Amino acid sequence: MAHVRVQAEPFEAGREIAALAEGRRDVGAVATFVGLVRDLNEGAEVSRMTLEHYPGMTERALEEICAEAAGRWDLIDMRVVHRVGPLEPGDAIVLVAVSSAHRGDAFAACEFIMDYLKTRAPFWKKESTLSGERWVEARSSDDEAAARWSGAGNGRS
Amino acid sequence: MISLLYFASLRERLDCAREDFALPPGTPTVGTVVDRLRSRDGRWSEAFAPGRAWRVAVNQRMADLATPLKPGDEVAFFPPVTGG
């Protein structure tokens, strides 16, 4: 049921959200997250960012994350769009949109998908700063955010 | 034969994106292949040194050193992911 896309082109968040409700009358909530490129990271000014990924595995990993969300919450549909290639500060990198009958499921699943995407989907960021190019290091706070969901029950403790 | 793929900083450090690799005899695992890679030269032994953060996927699923390998497998090595 999930719709997953990896693309170099920009996406339009409004169109993605509209697609979730199109032709349906049972959608009561759509929760969305949009991630953007910041101009400052680890104290350095970022002029450009390039996103690399592992074609094939990326799509599969995103689909598996969505399937796991569908097993945990009562969801109607999901869309994940992730950009690759060169990006600039202010550009949108990723969109996660989740529809459900009630907001609680949509909110929780949206955050869960992002937390898992950050630690499980094979994307890598390279930043251009004034002092040259550098690969972005993985953050332990992202691992901790993903680990919140692995406890007993539905979602956070 | 198996395919080895390298991504992001690991690809740059090793100056290699992809190679064909003869599967060692016996019951090879990811660990068997990593041992062979470590024995290549300083660049390779450093990239795969114990304690260095890298991840491995076999046939596009996350794997580990104990994952068994068979002819035709696609094994990818990469740094911890940083998408989103």
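Letters A, B, ... mirror the listed sequences (proteins, then strands); counts begin at 1. Side-chain atoms are counted along with the backbone in the values below, which use heavy atoms only and exclude waters and symmetry mates. Quick caveat, the model's predicted, so the values are computed rather than measured.
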Does a sphere of radius 6.0 Å around [atom1] in [X] hold more than 12 heavy atoms from other residues, nucleotides or ligands, not counting ones at 6.0 Å or beyond?
X       : atom1 : answer
A:Glu45 : CD    : no
B:Arg43 : CZ    : yes
A:Phe11 : CZ    : yes
B:Arg52 : CZ    : yes

Can I get a per-line list of side-chain donor-acceptor pairs under 3.5 Å for residues 87-96 of chain A, giving both atom names and the distance, sequence neighbours left out?
from	atom 1	to	atom 2	distance (Å)
A:Asp91	OD2	A:Glu88	N	2.8

Taking the six-membered ring for Trp, are B:Phe7 and A:Trp124 parallel (under 30°), tilted (30 to 60°) or perpendicular (over 60°)?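 The arrangement is parallel - the two ring planes meet at less than 30°.
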Using every non-hydrogen atom in the two residues, find where [X] and [Y] come nearest and quote the distance to one decimal.
X       : Y        : value
B:Ala57 : A:Met57  : CB-SD, 3.6 Å
B:Ala76 : A:Tyr54  : CB-CE1, 3.3 Å
B:Thr82 : A:Glu137 : CG2-C, 3.8 Å

Do [X] and [Y] belong to the same hydrophobic cluster, where Ile, Leu, Val, Met, Phe, Trp and Tyr are linked whenever their side-chain heavy atoms lie under 4.5 Å apart, directly or via other members?
X        : Y        : result
A:Val80  : A:Val37  : yes
B:Leu69  : B:Trp54  : yes
A:Tyr116 : B:Val81  : no
A:Ile113 : A:Phe107 : no
A:Val98  : A:Leu117 : yes

Side chain, backbone, both or neither: which part of A:Arg120 has a non-hydrogen atom closer than 4.5 Å to chain B?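 Contact with chain B: backbone only.
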Just give me the residue among [options] that pairs up with chain B most often, heavy atom to heavy atom, under 4.5 Å.
options                             : answer
A:His53, A:Met114, A:Lys125         : A:Lys125
A:Arg134, A:Arg83, A:Lys126         : A:Lys126
A:Arg139, A:His82, A:Glu64, A:Arg60 : A:Arg60

Within residues 21-31 of chain B, the residues sitting under 4.5 Å from chain A by heavy atom, in sequence order, are none
Spacing of A:Glu59 atom CD and B:Gln60 atom CD [to the nearest 0.5 Å]: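 It comes to 8.5 Å.
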